[in-house]
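This report concerns only the one structure given below.
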Amino acid sequence: MITAALIVAAGRGNRAGGEKPKQYQMLGGSPLLRHSIDFCLGYEGIARVMVVIHPDDEAHYRSAIAGLEREPRLLPPCLGGAERQDSVRSGLEALAADSPNIVLIHDAARPFLRHDQIDALLGMLKQVSGAILAVPVVDTLKRAEAGRIRGGADRQGLWRAQTPQAFRFQEILAAHRQAAGLALTDDAAVAEHAGLDVRLVMGSEENFKVTEASDFARAERQLLLRLPDIRIGQGFDVHAFADEPGRPLMLAGVAVPHERSLAGHSDADVALHALTDAILGALGDGDIGLHFPPSDARWKNADSAAFLRHALALVAKRNGMLAHCDVTIICEAPKIGPHREAMRDRIAEIAGIGRDRVSIKATTTEKLGFTGRREGIAAMATATIRLPG
Ligand code: MG
């Protein structure tokens, strides 16, 4: 039984304002779209994740999935069409090659997915062809023209549809092919048009759609309320200089031009090692040596970004986020200042967070001690993570 998630992110989101489409704007330090991707990858029953993007957004998409390039469950994105319905159909056609049994179709603008709701949707599909999240309408409804009330409408039996909407794959693919050209506003309407039995599953107000610019502030508040367990971890690391010809000096993910390089089993990126340890410390989950034993040949000359990604994946697995990190590099040379911004950008890229959440500092030890004698480089880091309560 293969369950796929199709995340629709091909809209322009004009109502939200901003320089880029809303699905690429930041929420809690990572792009709005990334929240849904991380959730789907963190839900064990979802075997494939595909995102439908706008043809103009390929660069935005690449930066939104930074660190997930080698995630086998995240399939290459599919390009969307003029209307949402066209985009979903394109996505379903692209997924068809993989023959999933079930598909969850989800809007990228709803970042607050919940495990129990997905469980309920998938449970419902054991009996019927489709199931969608929805919430009952509780407000009294009014019909108006130019602001003047012209009667009302009975709210009895009315629900507001949300996503994800879950379907048996072959049935919804056939329904979409059949409905091509019709202007239907969601996949439940497409399924209904094909005569499929689609049921409601109780959604939540928390699962709201980020639409207007002000919704980002609401989403930020909601995100932080969901992650009240704030933890700080620290890390420290030292690597000695070695003069292996041709070996680059890697610091915070950046190759720094210098006549010397550091010794170590991996690429010896002392700054990323300290940061990885800080994150593991905040999780209370051992240290880098425990997760990546130096005795293991796999890590020889390894890109230390892999260690950082592993620690971040552990945070994501617990539905948490990296809120901030602060790295201090301690050496007499090379000068860090000229590379500071590149280092911030690189860590922000690996972590999928805003660069304002990444700090790189440098200091010397006034020619004292081993760093003062230029025998090696030390790095210290703190990481602040937020976890669900
Ligand atoms: Mg190390």
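Start at 1 and go down the list; that is how both ligands and their atoms are numbered. All heavy atoms count here, side chains included; hydrogens, waters and symmetry mates do not. Just so you know, residue 1 is the first one in the sequence shown, and it goes up from there.
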The Mg ion (ligand 1) to nearest N/O/S of Asp269 below 2.8 Å: no
How many degrees, to 10°, between His239 NE2 and His273 ND1 as seen from the Mg ion (ligand 1)? 90°
Are side-chain heavy atoms of Ile53 and Glu58 found at a separation under 4.5 Å? yes
Name, closest N/O/S atom of Asp237 to the Mg ion (ligand 1): OD2
Would you please classify the geometry between the Phe292 ring and the Trp299 ring as parallel, tilted or perpendicular, with 30° and 60° separating the classes? perpendicular
Axial cation check for Phe208 ring with Arg218, 6.0 Å and 45° limits: yes
From the options Leu251, Thr371, Val238, select the one residue that forms a side-chain contact (heavy atoms from CB on, under 4.5 Å) with Ile377. Leu251
